[in-house]
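Heads up, the thing below is written out as structure tokens.
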Amino acid sequence: MSDDLNFVMKARREKLAALEAAGIAPFAYGFDPTHDTAAALRALPPEAEEGPVVRVAGRLVAWRPHGKTVFGHLADQASRIQLYFRRDDLGEDVFRLVELLDLGDIIGVSGPLFRTRTGETTVRVASATLLAKSLRPLPFGKEERVDGRLVRHSGFADPEQRYRQRYADLAVHPEVRRRFVARSRMITAIRSYLDGLGYLEVETPVLQPQYGGAAARPFLTHHNALDMPLYLRIADELYLKRLVVGGLERVYEIGHDFRNEGIDRTHNPEFTMLEFYEAWADYEVMMDRVEALLVAAADSVRAVLAPDRLSAEERLVLPDDSFVHVPEFRPPFPRVEWVPSLNAAAGMDVMALEPASLRQLAERLGVNAVATLNRPKLLDEIFQVLVEGKLDTPTFVVDYPKELSPLAKPRRGNAALTERFELFARGKEMANAFSELNDPIDQRARLEAQARLKAAGDEEAVGVDEDYLRAMEYGMPPMGGVGIGIDRLFMYLTGASNIRDVILFPTMRPE
RNA sequence: GACCCGGUAGCUCAGCUGGUAGAGCAACGGACUUUUAAUCCGUAGGUCGCGGGUUCGAGACCCGCCCGGGUCACCA
């Protein structure tokens with residue numbers, strides 16, 4: 001449909017005009033429900049035929065006129081309940097207005113509960129209030145119960161339109177609402193875990209004169225008044241660690257990072273990152289934190305999405321295939337060391353290879369564009385193929401080579417390594433953490449090495465952040481730090497295969 | 001970025017080797033006072049993603065483009 005009025009929308013505008021002519025205000029200011037639909041369903045005892053009067057509000061999601069009666073279903077966030085409009089109850093004048101209602105209208109009703117002949121709890125509508133007229137048809141499908149399973153017919157299936165018009169996707173798919181409720185609860189659980197440890201939630205700049213803290217291509221923008229370029233942050237890390245210098249000993253931030261890279265089923269240009277930093281802790285402590293945090297996150301998601309946790313009223317509106325088995329995290333997670341695991345998988349001492357042999361190995365493993373990669377990148381690629389991709393159950397990879405980790409402290413007892421770990425599950429990175437480098441002289445040398453890579457054409461290498469070095473020179477407490485991609489964590493917990501399914505408004509090309 | 005699949009009514013889809021568009025639902029009109037994918041009768045609704053080409057004739061075939069989905073690659 002083009003955006004001009006098609007015949008369906010014309011019909012709705014005509015009904016709108018008819019309602020207005022009858023003195024009905026089609027867009028209300030509020031309503032005062034006594035129950036949500038789930039509470040209303042519970043208010044009629046199982047064997048009772050008649051129940052109390054309830055006031056409920058929501059969207060009409062089914063509409064079945066039968067001459068002098070109408071059956072409909074009213075849905076709110078909790079569940080849905082059947083409505084019964086009867087001309088003899090409402091009077092001819094009111095019933096004529098009921099006939100001007102449409103699927104998708106938002107209404108409030110009140111009336112006593114009763115049980116229909118087929119046993120369904122229903123509101124015998126005594127009065128109805130139009131709260132918002134729906135002028136554009138929502139893509140409702142039809143639903144039926146087959147052996148207790150909810151089966152959808154037709155409906156709203158085009159994934160593009162579902163992402164673009166998430167409001168419509170949410171309006172017609174209770175299970176999509178449910179998924180985002182679960183995501184929100186997961187973030188609440190993470191906050192509450194960190195808050196319980198005395199962490200302070202903070203906000204650091206999204207617009208940064210110099211980006212850093214990760215290896216990625218940034219978005220570039222411009223500030224008019226200052227007439228200067230600004231980057232959208234690719235990580236929170238360097239600002240959070242500045243705060244620890246300032247004496248805020250436990251800080252975290254949950255916010256969006258922005259990376260100017262491709263879009264696919266695991267990448268959205270903006271995504272939600274959790275980072276937390278804890279003074280006096282090393283990476284061993286942070287492994288404990290990550291384990292406990294993931295258990296809390298998984299429990300919170302399970303509480304919303306596991307079938308045995310849902311009430312009967314909630315189950316009523318959810319198709320069976322929307323129930324999710326949330327994986328159990330069982331700490332402690334196994335640990336594998338970076339260099340030994342790589343050497344074992346490769347059958348040779350990879351770190352000792354000459355550049356030419358290293359390239360050969362990468363070629364043999366199917367790494368692309370080998371010629372353009374520097375040594376750290378080559379190592380990382382080889383590791384990804386041989387080790388990371390094969391880690392299915394949650395596993396910590398520990399002690400990364402120094403050249404891969406410009407912000408991590410050297411490993412005690414082996415200065416070629418760093419005290420860094422990443423957590424992998426189903427072949428995907430779930431967390432990245434280290435004992436944070438707090439030696440400003442070492443840090444300067446590492447950043448200068450990065451700057452040389454950048455000058456040599458590595459678009460993801462970062463430059464020297466003088467202000468960050470200045471902060472560190474004042475004295476930075478030893479600390480552990482962790483970064484966790486919230487979208488990917490939630491994907492893992494819910495079995496989602498596309499990041500767009502866990503982001504309310506994923507980045508799309510304009511229509 | 002490569003490859004595969006797709007874009008036809010508001011929604012979900014059909015349309016055989018080319019003969020000028022179809023169903024169900026939604027909508028509109030009618031019947032129906034306990035239905036629940038309500039049912040029954042009738043009506044209306046389409047630049048067949050966009051542009052070019054082949055052809056007497058293109059939704060279908062060819063070329064280009066746009067948009068999307070999937071797979072792979074890239075992305076510490």
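Numbers restart at 1 for each chain; the letters A, B, ... are given by sequence-line order, proteins then strands. Just so it is clear, the structure is predicted and the values come from calculations on it, not from any experiment.
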Practice task
Please state the P separation for the pair G15(B) and A9(B) - nearest whole angstrom.
Solution key: 15 Å
Practice task
Classify the side chain of Gln82(A) versus the base of U35(B) as yes if they form a donor-acceptor pair under 3.5 Å and no if they do not.
Solution key: yes
Exercise for the section: Could you give the distance separating C25(B) and C72(B) at their C1' atoms, to the nearest angstrom? Expected result: 38 Å
Handout entry: Sugar-phosphate, base or nothing in reach of Arg115(A), heavy atoms under 4.0 Å
Key = nothing
Handout entry: Interatomic distance at P, U34(B) relative to G49(B), whole Å
Key = 46 Å
Exercise for the section: Would you check, one step at a time, whether the test salt bridge (Lys or Arg N to Asp or Glu O under 4.0 Å) holds for Arg452(A) with Glu448(A)? Expected result: CA-CA 6 Å; Arg452(A) 281 193 294 277; Glu448(A) 283 172 353; 5.2 Å; no
Completion exercise
Residues in residues 61-71 of chain A with a heavy atom under 4.0 Å of RNA chain B, by number, are Arg64(A), Pro65(A), His66(A), Gly67(A), Lys68(A), Thr69(A), Phe71(A)
Handout entry: Integer angstrom distance from the P of A31(B) to that of A21(B)
Key = 34 Å
At a cut-off of 3.5 Å, list every protein nitrogen or oxygen paired with a nitrogen or oxygen from nucleotides 5-8 of chain B, distance to 0.1 Å.
none

Handout entry: Separation of atom CZ in Arg13(A) from atom P in C28(B), rounded to whole Å
Key = 15 Å
Handout entry: Sugar-phosphate only, base, or nothing, as touched by Ala214(A) at under 4.0 Å among non-hydrogen atoms
Key = base
Completion exercise
CG (Leu489(A)) and OG1 (Thr272(A)) are apart, to the nearest 0.5 Å, by 11.0 Å
Problem - Axial cation check for Tyr400(A) ring with Arg420(A), 6.0 Å and 45° limits - result: yes
Practice task
Please state how far atom CG in Leu101(A) lies from atom C1' in A26(B), giving the value in whole angstrom units.
Solution key: 16 Å
Exercise for the section: Assess Arg124(A) against Phe114(A): is NZ or CZ under 6.0 Å from the centre of the six-membered ring, and within 45 degrees of the ring's axis? Expected result: yes
Exercise for the section: Using a cut-off of 6.0 Å, state whether more than 12 heavy atoms not belonging to Glu284(A) lie near its atom CD. Expected result: yes
Practice task
Identify whether any heavy atom of Glu120(A) sits under 4.0 Å from a base atom; if not, whether one sits that close to sugar-phosphate; answer base, sugar-phosphate or nothing.
Solution key: base
Problem - Contact under 4.0 Å: Lys142(A) side-chain N or O vs A38(B) OP1/OP2 - result: yes
Handout entry: Nearest-nucleotide 5' precedence on RNA chain B, Gln384(A) against Gly72(A)
Key = Gly72(A)
Problem - Nearest-angstrom distance from the residue atom CG of Leu138(A) to P of A27(B) - result: 12 Å
Practice task
Would you mind telling me which of U34(B), A76(B), C28(B) lies closest to the side-chain atoms of Glu388(A)?
Solution key: A76(B)
Problem - Closest listed nucleotide, where the reference is the side chain of Arg265(A) and the choices are A76(B), U71(B), G68(B) - result: U71(B)
Fill in the blank from the handout: Separation of G45(B) atom C1' from Arg12(A) atom CZ, nearest Å, is 15 Å
Practice task
Would you indicate what Phe383(A) reaches in the nucleic acid, counting non-hydrogen atoms under 4.0 angstrom: base, sugar-phosphate, or nothing?
Solution key: nothing
Practice task
Consider the side chain of Pro137(A), meaning its heavy atoms from C-beta on, and name the nucleotide among G10(B), U35(B), C28(B) that approaches it most closely.
Solution key: G10(B)
Problem - Interatomic distance where CG belongs to Asp89(A) and C1' belongs to U34(B) [whole Å] - result: 12 Å
Exercise for the section: Check for a donor-acceptor pair, side chain of Arg411(A) on one end and backbone N or O of Ala415(A) on the other, with a separation under 3.5 Å. Expected result: no
Problem - Evaluation steps, salt bridge (Lys or Arg N to Asp or Glu O under 4.0 Å), between Glu14(A) and Lys10(A) - result: CA-CA 6 Å; Glu14(A) 282 161 15; Lys10(A) 272 187 186 142; over 6 Å; no
Practice task
Write down the distance separating the C1' atoms in C28(B) and U33(B), rounded off to the nearest Å.
Solution key: 23 Å
Practice task
May I ask you to check whether Ser357(A) and Gln360(A) show a side-chain donor-acceptor distance below 3.5 Å?
Solution key: no
Exercise for the section: With heavy atoms under 4.0 Å as the rule, sort Tyr400(A) into base, sugar-phosphate or nothing. Expected result: nothing
Problem - Euclidean distance for C1', U54(B) against C62(B) (whole angstrom) - result: 7 Å
Exercise for the section: Consider only side-chain N and O atoms of Thr204(A) and Asp236(A), and report whether a donor and an acceptor are under 3.5 Å apart. Expected result: no
Handout entry: Euclidean distance for C1', A23(B) against U17(B) (whole angstrom)
Key = 24 Å
Fill in the blank from the handout: Every stem of 3 or more Watson-Crick or G-U pairs under 3.5 Å that RNA chain B joins, in order of first number, is B:1-7 with B:66-72, B:10-13 with B:22-25, B:27-31 with B:39-43, B:49-53 with B:61-65
Problem - Sugar-phosphate, base or nothing in reach of Lys428(A), heavy atoms under 4.0 Å - result: nothing
Practice task
Under 4.0 Å between any heavy atoms, over every strand shown, what does Asp264(A) touch: base, sugar-phosphate, or nothing? Just pick one.
Solution key: base
Handout entry: C1' gap between C13(B) and G59(B), integer Å
Key = 14 Å
Exercise for the section: By nearest nucleotide on RNA chain B, pick out whichever of Asp380(A) and Ser497(A) is the more 5' one. Expected result: Ser497(A)
Exercise for the section: Would you please indicate yes or no on a ring centroid separation below 6.0 angstrom for Phe71(A) and Tyr84(A)? Expected result: yes
Exercise for the section: Starting at atom CD of Glu144(A), determine the distance to atom P of U39(B), rounded to an integer number of angstrom. Expected result: 11 Å
Exercise for the section: Let me see the working for Asp88(A) and Lys68(A) under salt bridge (Lys or Arg N to Asp or Glu O under 4.0 Å), right down to the final yes or no. Expected result: CA-CA 8 Å; Asp88(A) 288 354; Lys68(A) 296 175 185 62; over 6 Å; no
Exercise for the section: For salt bridge (Lys or Arg N to Asp or Glu O under 4.0 Å), just list the numbers for Glu436(A) and Lys409(A), CA-CA rounded to whole Å, side-chain angles, deciding distance to a tenth of an Å, and then say yes or no. Expected result: CA-CA 5 Å; Glu436(A) 302 292 340; Lys409(A) 258 181 113 59; over 6 Å; no
Handout entry: For atom CG of Leu74(A) and atom C1' of U35(B), their distance in whole Å
Key = 17 Å
Handout entry: Point-to-point distance, once rounded to the nearest 0.5 Å, from CG of Asn438(A) to CG of Leu407(A)
Key = 12.0 Å
Exercise for the section: Establish, from distance only, whether the side-chain atoms of Arg59(A) and Ser134(A) form a donor-acceptor pair under 3.5 Å. Expected result: no
Practice task
For Leu379(A) and A76(B), give me the distance from atom CG to atom C1', rounded to whole Å.
Solution key: 11 Å
